[in-house]
Amino acid sequence: MKIVISAYSWKAKVYPHWEELIERLSGHSIVQIGLKSEKQLVEDFRTNLTYKEISEVIKTSDLWISVDNFLPHLVDNMLVKNGISKPGIVLWGQSDPRLFGYNYNSNLTMGKYRKDQYMWWKDVEQKVDCFVSVDTVINTITK
Amino acid sequence: MHITATVSTKGRTHTTLPLCLMAIVLQTRKPDKIIVFDDNEEMEDVRTDPQYQAIFRMMDIYGIQYQWIYGDKKGQHYNHDKANKMCLDVIWRVDDDEIPESNVLFILQAGLRPEVGAIGGIVCLDKSDMKRKGDNKIETIDGPNMQWYYDRTGSPIEVDHLYSSFLYRANKHDYNLSLSKVAHREETMFTYGLKKKGWKIIFTPDCVTLHLRQDTGGIRDGVIELFEHDEKIFRKWLWYVNSGEKLIVLNCGLGDHFMFRSILNDVKEKYGKITIACCYPEVFKDDGVQTISINEANEVENTDKYNVYHWCVENNWDNHLIDAYKKMYL
């Protein structure tokens with residue numbers, strides 16, 4: 001399976017178990033998209049793609065997994081709204097998928113949301129227990 | 001009607017400012033409060049000055065509240081902006097070298113009818129020119145201002161803009177803070193901006209404020225380059241407010257840009273021509289809309305209020321962000 005991952009956002013929104021998840025998915029082909037400044041997690045790390053290029057990578061993938069960042073919105077805007085169904089898995093921490101997510105994705109969350117959802121996220125600390133376990137992600141992929 | 005008189009001052013503490021404050025205190029219709037924004041380089045406690053002690057004593061006798069605020073030294077428009085956002089009702093702005101006759105506030109407040117956003121009277125240097133010129137229309141902005149002439153004939157009329165000293169409803173429009181510290185054109189931009197929001201702007205020849213203008217000093221004292229800088233901003237702003245274009249501001253993240261883009265077609269249908277000030281113009285590359293930077297947008301309008309997150313917090317929003325955009329723009 002070809003899986004596209006988009007791993008980074010404000011620190012509070014970054015999934016704390018990426019390395020473990022990637023190891024558990026080692027039998028699949030994983031493409032990481034992101035910025036040059038981000039940490040490379042897999043061999044196939046494509047940086048600074050245009051939005052069209054990202055759409056093409058997603059279109060040709062079997063699955064995409066991201067945190068609460070730009071990717072679910074790009075997918076919704078450039079693919080889903082143009083009739084191309086491409087649901088993915090979004091790993092939520094303290095941000096609420098009800099306010100920022102899309103129902104057709106698999107929104108994996110512990111439901112432990114920050115009180116002030118619309119206040120500045122930049123300096124909010126990551127809370128590991130707000131994220132689902134790697135097992136939960138794997139089970140969702142398997143389903 | 002609660003009226004606050006505001007005076008922004010620099011370099012006139014011991015020249016015309018006391019005269020200005022006395023004239024405000026001795027109004028037949030007293031202001032409820034007086035705020036002095038002190039932009040002097042050196043802070044001075046005027047409470048030790050006998051002249052000011054007498055002025056403050058008179059304020060106490062008349063029950064006028066007063067506040068002396070040391071300003072940010074960024075120009076009078078910053079002080080006016082501060083006053084505008086202090087949850088006040090109506091503000092009477094007076095320059096520190098202006099002496100309003102004793103009936104000015106009474107006449108101005110009587111003319112501030114519900115549909116009026118700002119009203120100003122004659123603000124003149126002297127009585128030498130007794131015949132009024134100009135019409136205070138925005139098209140003749142470079143011509144004479146009718147407030148400059150000591151011509152007390154005629155009735156109050158509706159105009160496009162006012163100058164210097166006037167009475168206005170607080171927090172209905174913002175001051176443009178991208179102007180330099182000399183704040184050239186700040187009153188025109190403020191009052192015409194009020195007019196573009198549907199408020200009437202009135203000139204009345206029934207009251208006179210003397211403008212004892214000094215050759216140097218004061219809060220507007222500055223180099224010619226600053227005036228030129230402000231004039232450029234003014235011209236750009238004037239084009240923008242008269243163009244009828246809708247300015248969309250996306251001073252937010254990339255994902256938020258995509259969320260707004262999902263309602264772009266509806267926004268275009270509603271407003272016709274739009275310009276999007278944004279952080280990620282590539283998102284709209286193929287959408288046939290003009291994009292500008294946030295900095296450019298700040299030259300024509302205060303963009304903070306457009307921030308969608310700011311809007312959500314102010315409106316206790318508890319729904320999806322796309323729905324917030326719909327509420328803001330559709």
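By convention in this document, chain letters (A, B, ...) are assigned in the order of the sequence lines, proteins followed by strands, and residues within each chain are numbered from 1. Side chains included, hydrogens not; waters and symmetry mates left out as well; all remaining heavy atoms used. For clarity, every value in this text was computed on a predicted model and none was experimentally measured.
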Please classify the contact between [X] and chain A as side chain, backbone, both or neither, with a heavy-atom cut-off of under 4.5 Å.
X: Asp323(B); value: neither
X: Phe260(B); value: neither
X: Trp311(B); value: neither
X: Val308(B); value: neither

*Would His173(B) and Tyr192(B) count as a close aromatic pair, with their ring centres under 6.0 Å?*
no

*Mind checking whether Tyr280(B) and Tyr51(A) have ring centres under 6.0 Å apart?*
no

*What distance separates Leu250(B) CG from Phe284(B) CZ, expressed to the nearest 0.5 Å?*
5.0 Å

*Nearest 0.5 Å please: distance from the CG atom of Leu91(A) over to the CZ atom of Phe131(A).*
8.0 Å

*Among the listed options Gln117(A), Met119(A), His73(A), the residue most often paired with chain B at heavy-atom distances under 4.5 Å*: His73(A)

*Which residue out of Asn319(B), Val313(B), Ile322(B) racks up the most heavy-atom pairs below 4.5 Å with chain A?*
Asn319(B)

*Is Lys197(B) atom NZ crowded by more than 12 heavy atoms from other residues, nucleotides or ligands, each under 6.0 Å away?*
yes

*Identify which part of Phe100(A) has an atom lying under 4.5 Å from any heavy atom of chain B, answering side chain, backbone, both or neither.*
both

*Taking the six-membered ring of Trp121(A), is NZ or CZ of Lys13(A) closer than 6.0 Å to its centre and within 45° of its axis?*
yes

